[in-house]
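Worth saying up front: this structure is predicted, and the values here are computed from it rather than measured.
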Amino acid sequence: MLIPRMPAPGLTVRTLDHGTFDLASEAPSLMTLVCFYRGLHCPLCATYLKELDRLTPSFAERGVSTIAISSDGEERARQMANKIGAEHLRVGYGLPLSVARQWGLYVSTSRGKTSLGIEEPELFSEPGVFLVKPDQTVYWLSVQSMPFARPNFAEMVQALDFVIKNDYPARGEYTGEV
């Protein structure tokens, strides 16, 4: 289980327009926001990523770089980027499901075509959002087994102001006996 303050698993994926993303090479002044999404087939992902793209400049103002990643191939990732009108958000693709599992993401099986008429992949990961510090430790995480009720990016931007002002530490790190 991934726990705040522990090292994040390795993460290297290709992106549509920004070369290869390697979390270990990221050098934001505060953190990297990694948003794992289900894929092109998910209408909720499109709405969610559109909001992340809109708020990426606000995250950047606070020293947070952003990326959205799925196990979709390049063509489907491009279709998603076009669908959301991605201007600011890096879009990564080809996430191996073995890596998704290292990040604690749930994996689902295809149920055929979605309400959009798009075929789900045979296997794909469910959503997860992570903030990773430049030292490669996990600061914050949220992992879901369903496509809905995800963390609100606007609230995260506001929370970052509090984190920065108060040098607020990562929480949820205790692993001893209870």
Quiz item: Out of curiosity, does M80 fall in the hydrophobic cluster containing L55 (side-chain heavy atoms, cut-off under 4.5 Å, transitive links)?
Solution: yes
Quiz item: Do you reckon M6 sits in the same ILVMFWY cluster as Y174, going by side-chain contacts under 4.5 Å, direct or chained?
Solution: no
Quiz item: If you measure from CH2 on W140 to CZ on R171, what distance do you get to the nearest 0.5 Å?
Solution: 16.0 Å
Quiz prompt | Inter-residue atom distance T137.OG1 - Y139.OH, 0.5 Å rounding | solution = 10.5 Å
Quiz prompt | P4 and L141, any side-chain heavy atoms less than 4.5 Å apart | solution = yes
Quiz item: Are V129 and L2 connected in a single hydrophobic cluster, I mean Ile/Leu/Val/Met/Phe/Trp/Tyr linked by side-chain heavy atoms less than 4.5 Å apart?
Solution: no
Quiz item: So, are R90 and D53 salt-bridged, with charged N and O less than 4.0 Å apart?
Solution: no
Quiz item: Within a strict 4.5 Å, meaning less than it, do heavy atoms of the L11 and L95 side chains meet?
Solution: yes
Self-check item: Connected via hydrophobic side-chain network under 4.5 Å: F36 and V13
Solution: yes
Practice problem: Among residues two or more places apart or on two chains, list those pairs meeting side-chain hydrogen bond (donor to acceptor under 3.5 Å, both in side chains) that have a residue in residues 145-163. | Solution: R62-D161
Quiz item: For the atom pair CZ (F130) and CG (L105), what is the distance rounded to the nearest 0.5 Å?
Solution: 5.0 Å
Quiz item: Just wondering, more than 12 heavy atoms not from K83 lying within 6.0 Å of its NZ?
Solution: yes
Quiz item: What distance separates I69 CD1 from Y37 OH, expressed to the nearest 0.5 Å?
Solution: 9.5 Å
Quiz item: Would you call R14 and E74 a salt bridge, using N to O less than 4.0 angstrom?
Solution: no
Exercise. Using modelled atom types only, decide if a donor and an acceptor are shared between the side chain of Y48 and the backbone of P151 within a distance under 3.5 Å.
Key: yes
Quiz prompt | Distance, nearest 0.5 Å, that separates CG of D22 from OG1 of T15 | solution = 12.0 Å
Quiz item: Going by heavy atoms in the side chains, are S65 and T32 under 4.5 Å from each other?
Solution: yes
Quiz item: Is L23 close to Q136 at the side-chain level, that is, under 4.5 Å between some pair of heavy atoms?
Solution: yes
Practice problem: Please step through side-chain hydrogen bond (donor to acceptor under 3.5 Å, both in side chains) for the pair E122 and S110, ending with a clear verdict. | Solution: CA-CA 5 Å; E122 186 177 322; S110 176; over 6 Å; no
Self-check item: Main-chain N/O of L52 paired with T56 side-chain donor or acceptor, under 3.5 Å
Solution: yes
Quiz prompt | Cluster check V34, V143: I/L/V/M/F/W/Y, side chain < 4.5 angstrom | solution = yes
Quiz item: Going by heavy atoms in the side chains, are E26 and F21 under 4.5 Å from each other?
Solution: yes
Practice problem: Would you check if the side chain of E126 reaches a backbone N or O of Q144 as a donor-acceptor pair within less than 3.5 Å? | Solution: no
Quiz item: Is E75 salt-bridged to R78, cutoff N-O under 4.0 Å?
Solution: no
Self-check item: Sidechain-backbone polar pair: R38 side chain, S125 backbone, donor-acceptor under 3.5 Å
Solution: no
Self-check item: Heavy-atom check, side chain of L160 versus side chain of M31, under 4.5 Å
Solution: yes
Quiz item: Could you state the interatomic distance from CD1 (I84) to CG (L89), rounded to the nearest 0.5 Å?
Solution: 5.5 Å
Quiz prompt | Any T109 side-chain heavy atom under 4.5 Å of F124 side chain | solution = no
